[in-house]
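We use all heavy atoms of the structure for the numbers below, so side chains are in, but hydrogens, waters and symmetry mates are not.
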Amino acid sequence: MAQVELWKVFISLGVPGLTLGVFYMLFRKFEWQFSKVPRQWVGPIVVLFLILTAGIIFYALTLWAPQNGNRETENRSNISTTGDNSPVIQGTKGDVNFFSK
């Protein structure tokens with residue numbers, strides 16, 4: 001499988017897939033040779049890998065999080081019209097007030 005197509009697969013899996021792809025490419029690039037790991041170290045190594053992966057995912061998600069809460073209520077404006085010459089409501093004597101939050 002070509003490297004570009006492999007990256008497309010990783011990207012299609014979202015942030016977790018991209019994280020997995022980065023670790024996979026690092027493993028292939030440096031060709032690390034691992035010696036036999038004692039049985040008692042397998043669990044902590046797997047947990048460390050999961051924590052690192054979760055940390056990268058959490059960091060990526062915080063980068064894409066909305067910055068200012070709910071945009072729908074933030075961009076809402078209140079318009080009140082009064083007066084006879086109002087362009088919106090007739091019989092309001094021309095007074096128009098705009099309130100925005």
Side-chain angles (χ1 to χ4, degrees):
M1 182 179 278
Q3 189 169 357
V4 173
E5 289 181 16
L6 190 59
W7 277 111
K8 286 181 182 179
V9 170
F10 289 141
I11 291 171
S12 71
L13 296 174
V15 175
L18 195 56
T19 304
L20 178 65
V22 168
F23 281 119
Y24 176 73
M25 289 300 177
L26 284 174
F27 181 76
R28 283 185 48 194
K29 173 100 176 153
F30 293 112
E31 297 179 13
W32 292 323
Q33 297 296 320
F34 294 110
S35 60
K36 283 280 193 179
V37 177
R39 247 186 135 97
Q40 69 234 24
W41 284 101
V42 172
I45 290 172
V46 169
V47 170
L48 180 64
F49 176 77
L50 290 173
I51 290 172
L52 286 173
T53 304
I56 292 171
I57 292 168
F58 180 73
Y59 178 70
L61 291 176
T62 57
L63 290 177
W64 292 317
Q67 298 297 321
N68 296 327
N70 190 354
R71 287 184 166 179
E72 182 179 323
T73 59
E74 191 175 291
N75 293 331
R76 199 178 298 168
S77 296
N78 295 329
I79 300 172
S80 71
T81 60
T82 58
D84 284 335
N85 298 324
S86 171
V88 179
I89 299 174
Q90 299 300 319
T92 59
K93 298 184 182 174
D95 298 325
V96 177
N97 299 313
F98 295 94
F99 303 98
S100 90
K101 294 181 179 181

How many angstroms lie between atom [atom1] of [X] and atom [atom2] of [Y], to the nearest 0.5 angstrom?
X: L48; Y: L52; atom1: CG; atom2: CG; answer: 4.5 Å
X: I56; Y: L20; atom1: CD1; atom2: CG; answer: 10.5 Å
X: L13; Y: K8; atom1: CG; atom2: NZ; answer: 14.5 Å
X: I57; Y: L50; atom1: CD1; atom2: CG; answer: 9.5 Å

Connected via hydrophobic side-chain network under 4.5 Å: [X] and [Y]:
X: W7; Y: L26; result: yes
X: V22; Y: F49; result: no
X: F27; Y: I51; result: no

Exercise for the section: Report yes if the side chains of Y24 and L6 come closer than 4.5 Å at any heavy-atom pair, otherwise no. Expected result: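 Touching, per the 4.5 Å side-chain cut-off.
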
Handout entry: Heavy-atom closest contact (V15 atom, A60 atom, distance)
Key =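 Scanning both residues completely, I find the closest heavy atoms to be CG1-CB, 3.7 Å.
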
Handout entry: F23, CZ atom: more than 12 neighbouring heavy atoms under 6.0 Å
Key =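 Yes.
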
